[in-house]
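Along the sequence shown, the residues carry numbers beginning at 1. Because the structure is a prediction, the values reported are computed rather than measured.
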Amino acid sequence: WDAIICESPPLFLGFSAVALSKLRGAKLIFNVSDLWPESAEKLELVTNKSLLSLAYWLEGWCYKNSVLVTGQTQGIVKDINHRFKSVPTYWLPNGVDLSYFNPEKVSKAWREKNGFISTDLLLGYAGIIGHAQGLEIIIEAAKSLQDKTHIKFVLVGEGPVKDQLKALKFKYKLENVFLFDGVGKTEMPEVVASFDLALIPLRNLELFKGAIPSKIFENLAMRKPLILGVDGEARQLFIEKANAGWYFEPENLSQLVAAIIEADANRDRFETIGTNGRNFVKQYFERTTIAASFNQRLLKL
């Protein structure tokens with residue numbers, strides 16, 4: 001084999017990847033899409049100090065046994081550079097297939113099929129229903145806005161906190177929140193096409209200032225304005241530079257509600273803002289361009 005590319009997380013795949021690279025005499029490229037175990041520690045998913053020490057050791061061991069460590073965001077790359085100065089790194093951003101997520105070729109049948117009408121304002125979240133996203137704030141926003149019956153909150157996906165969100169919706173007796181099962185890749189463009197706005201929240205952690213949730217790219221490709229609750233790199237790129245939506249401070253309920261109300265009052269701007277987003281990902285995050293650049297870097301190893 002010429003090379004092995006290992007994805008992290010899960011970090012523990014690194015054991016097998018390093019062993020295989022040595023067994024096969026292959027170059028190891030270690031791709032980091034989320035900083036583990038740091039994320040697990042900050043989210044308090046892992047609190048055992050011994051396990052954390054072992055995981056941090058493994059993280060460094062994997063990096064030092066790789067010919068190249070790639071990071072999904074510039075923040076991840078910067079973090080690794082700071083802690084492991086001798087490790088060669090490369091920014092390998094996520095991206096999108098613009099021919100697959102093409103609003104000109106995708107119907108909005110999912111919207112009608114699920115009982116939503118044209119005057120509804122659908123705020124959609126499609127992705128993992130996990131701890132890092134802080135999705136409880138969506139339910140709280142729905143509670144604050146339940147008198148505006150045309151505003152509907154749609155969550156599509158599976159994950160460890162989905163039952164908690166269902167319980168919160170039941171507790172508040174909300175009729176403006178809709179939780180759907182996860183869908184496959186082939187159905188996702190039609191789901192996203194049916195949204196009016198894309199909700200992209202994360203927990204308010206310093207760590208996440210270097211995060212870019214991958215769902216951003218699909219939503220922008222489908223010309224969906226963002227309601228973005230991610231500070232740092234994502235805010236700078238997609239709100240300040242691309243002008244592709246509205247920002248709210250992560251986990252700040254009043255700012256989220258204000259952003260939704262402002263967006264609702266400016267529905268005539270959605271087309272322009274959506275076009276901004278698609279043009280931006282076309283210029284900077286088109287998957288075939290990213291792959292071509294990465295291939296050139298690999299040829300230099």
Side-chain angles (χ1 to χ4, degrees), residues 111 116 119-130 132-157 165 168-169 172 174-179 191-206 208-281:
R111 184 179 181 115
F116 301 110
T119 54
D120 287 335
L121 182 74
L122 292 196
L123 291 104
Y125 173 89
I128 187 168
I129 313 289
Q133 289 72 32
L135 297 171
E136 296 83 1
I137 196 171
I138 295 178
I139 309 300
E140 298 293 343
K143 180 186 177 187
S144 298
L145 292 166
Q146 58 186 321
D147 60 318
K148 298 182 182 296
T149 56
H150 66 288
I151 299 180
K152 309 288 174 63
F153 296 82
V154 177
L155 295 95
V156 181
L165 298 186
L168 203 55
K169 165 185 159 68
Y172 294 152
L174 297 177
E175 297 182 359
N176 57 347
V177 175
F178 303 83
L179 291 104
V191 172
V192 175
S194 298
F195 298 158
D196 295 300
L197 296 163
L199 280 168
I200 314 285
L202 275 182
R203 293 270 304 279
N204 190 11
L205 298 174
E206 188 69 24
F208 289 154
K209 287 188 176 180
I212 299 180
S214 59
K215 62 184 68 66
I216 287 176
F217 302 106
E218 286 83 1
N219 281 285
L220 292 185
M222 296 297 292
R223 298 200 188 106
K224 300 303 166 183
L226 305 180
I227 301 290
L228 181 71
V230 186
D231 205 351
E233 192 171 334
R235 178 187 183 182
Q236 292 160 12
L237 284 171
F238 305 110
I239 303 300
E240 297 173 2
K241 189 173 181 179
N243 191 22
W246 287 266
Y247 168 79
F248 70 95
E249 181 184 52
E251 297 191 277
N252 188 318
L253 177 60
S254 62
Q255 284 194 18
L256 171 56
V257 170
I260 293 169
I261 291 172
E262 182 180 346
D264 186 32
N266 289 275
R267 293 174 77 161
D268 58 327
R269 294 180 55 204
F270 286 6
E271 185 175 351
T272 297
I273 293 172
T275 299
N276 290 345
R278 182 170 172 88
N279 289 343
F280 190 77
V281 293

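Atom CD of Glu175 has 12 or fewer neighbouring heavy atoms from other residues, nucleotides or ligands inside a 6.0 Å radius. Environment of CD in Glu206: sparse, with no more than 12 heavy atoms of neighbouring residues, nucleotides or ligands closer than 6.0 Å.
Contact annotation: the side chain of Ile261 approaches that of Leu145 to within less than 4.5 Å [non-hydrogen atoms, C-beta and beyond]. Under the 4.5 Å side-chain criterion, counting only non-hydrogen atoms from C-beta, Glu251 is in contact with Arg203. Considering only heavy atoms from C-beta on, Ile212 stays 4.5 Å or farther from Val230 through its side chain. Side-chain contact check for Val192 versus Lys215: every heavy-atom pair is 4.5 Å or farther apart. Looking only at side-chain heavy atoms (C-beta outward), Leu174 and Lys143 come within less than 4.5 Å of each other. Residues Glu140 and Tyr172 meet the side-chain proximity criterion, which asks for heavy atoms closer than 4.5 Å. Residues Ile138 and Val177 form no side-chain contact, since every pair of their non-hydrogen atoms from C-beta on lies 4.5 Å or further apart. Inter-residue side-chain proximity for Asp264 and His150 is flagged as met; some heavy-atom pair is nearer than 4.5 Å.
Nearest heavy atoms, Pro213 versus Leu202: CG-CD1, 4.0 Å. In terms of heavy-atom proximity, Glu233 sits nearest to Gly210 at OE1-O, 4.0 Å. When every heavy atom of Ala142 is checked against every heavy atom of Asn176, the shortest pair comes out as O-ND2, 2.9 Å. Across all their heavy atoms, Pro250 and Asp231 have their closest contact at CG-N, 3.9 Å. Closest non-hydrogen pair, Pro225 versus Trp246, comes out as CB-CZ3, 4.1 Å. In this structure, Ile216 and Ala234 approach most closely via the heavy-atom pair CD1-CB, 4.4 Å.
Residue Leu123 holds its CG atom at 4.5 Å from CG of Leu199, rounded to the nearest 0.5 Å. Going from atom CD of Gln146 over to atom CZ of Phe153 covers 10.5 Å, rounded to the nearest 0.5 Å. Between the CD1 atom of Ile273 and the CG atom of Asn243 there is a distance of 6.0 Å, given to the nearest 0.5 Å. Atoms CG and CG, from Asn252 and Leu256 in turn, are 8.5 Å apart once rounded to the nearest 0.5 Å. How far CG of Leu121 is from CD1 of Ile151: 5.5 Å, rounded to the nearest 0.5 Å. To the nearest 0.5 Å, atom CD1 of residue Ile128 and atom CG of residue Leu135 are 9.5 Å apart.
Cation-pi geometry between Lys224 and Phe195 is not satisfied (NZ or CZ under 6.0 Å from the ring centre, within 45° of the ring normal).
The backbone N or O of Ala221 sits less than 3.5 Å from a side-chain atom of Arg278, completing a donor-acceptor pair. Looking only at distances, a side-chain donor or acceptor of Asp196 sits under 3.5 Å from a matching main-chain atom of Leu122.
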Exercise. Where do Arg223 and Glu271 land on the salt bridge (charged side-chain N to carboxylate O under 4.0 Å, His left out) test, with the steps shown first?
Worked result: CA-CA 7 Å; Arg223 298 200 188 106; Glu271 185 175 351; over 6 Å; no
